[in-house]
> 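Structure in C-alpha cells, see below.
Read the numbers this way: they start at 1 and go in the same order the structure lists the ligands and their atoms. Remember, it's a predicted structure, so these values are computed and weren't measured experimentally. All heavy atoms count here, side chains included; hydrogens, waters and symmetry mates do not. All residue numbers refer to positions in the sequence shown, counting from 1.
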Amino acid sequence: MYDRHLNKASTRCYLLPRAMASGTALVYDEEMTRYKLLWVDPACKVEVPERLTACVAALQEQGLAQRCVAPPVRPATEEDILLAHSEQYLEAVKRTPLMTLEELCPTQHTEVCHVTKPALAVWLQNIYHCAKLAIGATLQLVDRVMTGQVRNGMALVRPPGHHSQRSAANGFCVFNNVAIAALYAKKRFNIKRVLIVDWDVHHGQGLQYCFEEDPSVLYFSWHRYEHQSFWPNLRDSDYHSVGKGPGAGFNINLPWNQVGMDNSDYLSAFFHVLLPVAYEFNPELVLVSAGFDSGIGDPEGLMRATPDVFAHLTHLLTSLAGGKLCAVLEGGYNLTCLAQSVCQTVQTLLGDPAPRPSGLSGPCESALESIQCVRAVHRQYWGCLKHTERDLVSSPPLLLPLHPPAAGEGDGSSLGETQHRAQQQEGGGGDGLSPCLARLPPDRTQDRRRWRTGEGGGVLQALGHVRALLDKICRKEVQNGLAVVADVSVAVAYALQRAVTSLTNRVLLVFLGDGEVPVEVTEEGKVLVFQICSKEPRDRKSKYHIPVCLRKQGGDGAAGFLHAVLSLLLPLGYGYDPGLVLTAVGTESGVGQALWAQLTSLLQGLAQGHTLALMQQGCGEGTLRATACSLLGGPAPAVGPLGAPAPENVREVERQRERLQGQWGLLRTAGPAEGSSAAH
Ligand SMILES: [Zn+2]
C-alpha cells in the first residue's frame with residue numbers, strides 16, 4: 001500500500017546552520033588543590049583536595065577532558081570580588097596569608113574572617129589565592145560562553161561558593177563564585193535575566209541573600225531541609241521564602257523534608273516547578289551551582305539520585321538560553337559519586353546522549369508535598385502555575401509499575417565497531433542533497449556534528465529512506481535522523497510498524513496536528529501516542545493514545561504548547577522510557593520553528609537520543625532547519641518571552657494530568673493522597 005508514495009520524495013537541499021557556538025570548556029587549575037581546611041568537627045573533614053583530582057582523573061580516563069577546550073585560569077581581581085562582597089570582608093580574607101598558624105588556630109579564634117559557627121576552621125595561608133582562582137575560573141567560563149567561543153562548560157573549583165555571603169564566609173565557602181558570575185555577566189555583557197539552578201543538597205543561602213530583591217536573577221534551589229533540622233537550619237530556606245520587594249517570585253526554594261530522594265523526585269521538581277517557570281522567565285544565561293552531594297552515597301546528603309540523573313538535569317537545562325550554560329562545582333563528598341556525576345554532566349554538555357532513564361515510578365509523598373507547596377506559593381507570580389488549583393486536591397493513589405524493561409533493548413552492540421563503520425562511510429556525504437539526514441552516534445575523537453546524507457545522495461524513495469534510517473538507528477550507526485516525506489501519515493504508519501518489529505517494543509510518537517493517528521494504538525503499550533491537536537479526535541483508541549487539545553497556536557499559544565510539553569509530555573516520556581522517539585509534523589501543525597526546535601531538543605533526553613523526525617514536504621525551510629539544528633545537538637533558539645499560557649490550555653493540561661496520573665506517577669504534583677503510602 002505504500003508503493004504509490006515511493007516516488008514523491010523531495011530532493012531539496014538544506015543548508016545547515018554553521019554559525020552556532022560549539023564546544024565545551026572545562027576550566028580547572030590544580031593550584032586549587034593546594035589548600036586544606038583543618039576542621040575541628042570530624043564530620044566536616046570531607047572537603048578535601050582529592051575532590052578535584054578525582055574528577056579530573058575520571059574525566060581524563062573517559063576521554064572527556066580531551067574533548068573539552070581548556071582555557072587558562074586567571075585569579076579574580078578585587079573588582080570582581082567586590083561585585084558580591086564588602087570591602088571589609090575582602091580585607092579580612094586578604095589578611096589570612098599574613099597570619100601565622102597560631103593566629104589562625106581555632107583554640108584562639110573561634111571565628112576566622114567571620115566564619116560562622118560551627119565552622120571552626122583553620123585556613124591555611126593559601127586559601128585566599130585559591131578562592132581568587134575559583135572565581136577567576138568561573139569568570140573565564142562565563143567569558144567564553146557569553147562571547148560564543150564555546151557553547152557551554154564546567155568550572156571545577158575549590159573552594160565552593162554558594163553559602164558565602166556579602167560579609168561572611170560560611171560552610172566551606174569563602175567567596176560566592178556563582179553570585180559573582182551572575183553579577184559579572186549582567187555587568188559585562190549587559191544581560192537582563194540570569195537563571196541560577198542550585199542542585200547542591202544544601203541551600204545556597206548566600207545566593208538567596210544576594211539576589212532576593214533582584215528580579216533579574218531567578219534563583220532555584222532544592223535542598224535537604226527536614227523541617228529546618230538540617231544545616232544551615234534556616235527558616236529562610238523553606239518554600240515560603242520567595243524573594244522580597246521587586247524580587248518576589250524570583251527565589252524558589254524546594255525543601256526536601258526527607259532523605260532518600262531519588263531520580264523521580266529530582267525530575268519531577270524539574271518538570272513541575274523549575275522548567276515551566278524557567279521558560280517563562282526566559283533567561284539569557286544559565287548558571288548551575290553544581291553540587292553533587294545530592295547524589296547517592298554522599299555522607300552529607302543521604303539522597304539516592306544516581307549519577308545518570310545529572311545527565312538529564314543538564315540536558316533539560318541546555319534547551320534554555322540558547323544553550324548558554326555554565327556549571328560551577330559546589331559540594332560533593334563521595335569521591336566516586338562525585339567523579340561519575342561530573343563526568344555525566346560534562347558528557348552531556350559535550351552533546352552526547354544521556355543514558356536511558358529507568359525505574360522512574362514517580363516521586364515519593366514527601367517530595368510531592370514539597371512540590372505542591374512550592375507550586376502553591378509561587379502561583380501568584382508565574383502564569384504557568386496559575387489555574388492549577390487542582391494541585392490542592394488529593395490525587396488518586398499511585399499505580400505501579402508501568403512496564404517491565406524491554407528485552408533485548410540494551411546497548412549490546414559494539415560501539416567501537418559501529419563507529420568505525422560509520423566513519424568509513426563518511427567520505428561521500430556530499431552537500432546534503434538528500435531529503436534524509438542522520439546524525440552520527442557519539443564519537444569521542446571525531447567532530448560529531450557532521451551528518452551523513454542518505455543513501456546515494458540522489459532521488460531516492462521516501463519510505464526507503466525511512467526504512468534505511470531506522471535500520472541505521474537500530475544498528476547504532478546513526479543516533480537520529482530526519483526525513484521529509486510526501487505523506488507524513490503514511491510514513492508514520494510505516495516507521496512505527498518497522499520500529500516495533502525490528503528496533504524496540506516501545507516507541508513514543510509525538511504527533512502534531514488534527515489528523516487521524518495513522519496507527520492502531522493498542523492496549524499493549526508498544527506505542528505511546530502523544531498528540532497535540534486543536535480539536536478532540538473522534539475516538540481515543542487506547543489509554544496509550546493521549547490527545548491534548550490546545551487553543552490554536554499563535555499569540556499565547558506558544559506558552560500553552562510548551563506547558564503541555566513540560567508538564568505532560570516529558571513526564572510521560574520519562575515514565576514510558578521509549579527505545580525510539582518518533583516525531584511527526586504536518587504542514588498545518590501551527591507550531592512555529594522555535595517551538596518545534598525546543599520540542600526536538602527536549603526529547604533528545606529520551607531513548608539515548610534515538611529520534612526520527614518525519615516532516616511533511618512543504619512544512620517550511622525554517623522548520624526543517626530548526627529541526628536539523630536540534631538533532632545535530634545545536635542549541636534550540638530561545639522562544640522569547642512567553643507570558644502566561646491561556647487559562648483554557650492550562651486547564652486542559654491539568655485535566656489530562658489528573659486523568660493520567662494514576663497510571664503515570666511522574667505526572668503527579670500533589671500529595672499525600674489519602675490511603676496511599678510513600679513510594680520510598
Ligand atoms: Zn552542599
> Report the relative orientation of the aromatic rings in Y574 and H312; use parallel for angles under 30°, tilted for 30 to 60°, perpendicular for over 60°.
perpendicular
> In terms of relative ring orientation, are W382 and F281 parallel, tilted or perpendicular, with 30° and 60° separating the classes?
perpendicular
> So, D200 and the Zn ion (ligand 1): N/O/S under 2.8 Å, yes or no?
yes
> Tell me whether the Zn ion (ligand 1) has H202 as a neighbour, meaning an N, O or S atom of it below 2.8 Å.
yes
> On the 0 to 90° scale, with breaks at 30° and 60°, tag the H223-H203 ring pair as parallel, tilted or perpendicular.
tilted
> From the N, O or S atoms in D293, identify the one nearest to the Zn ion (ligand 1).
OD2
> Judged by atom type as modelled, is there a donor-acceptor pair below 3.5 Å linking the side chain of N233 to the main-chain atoms of Q228?
yes
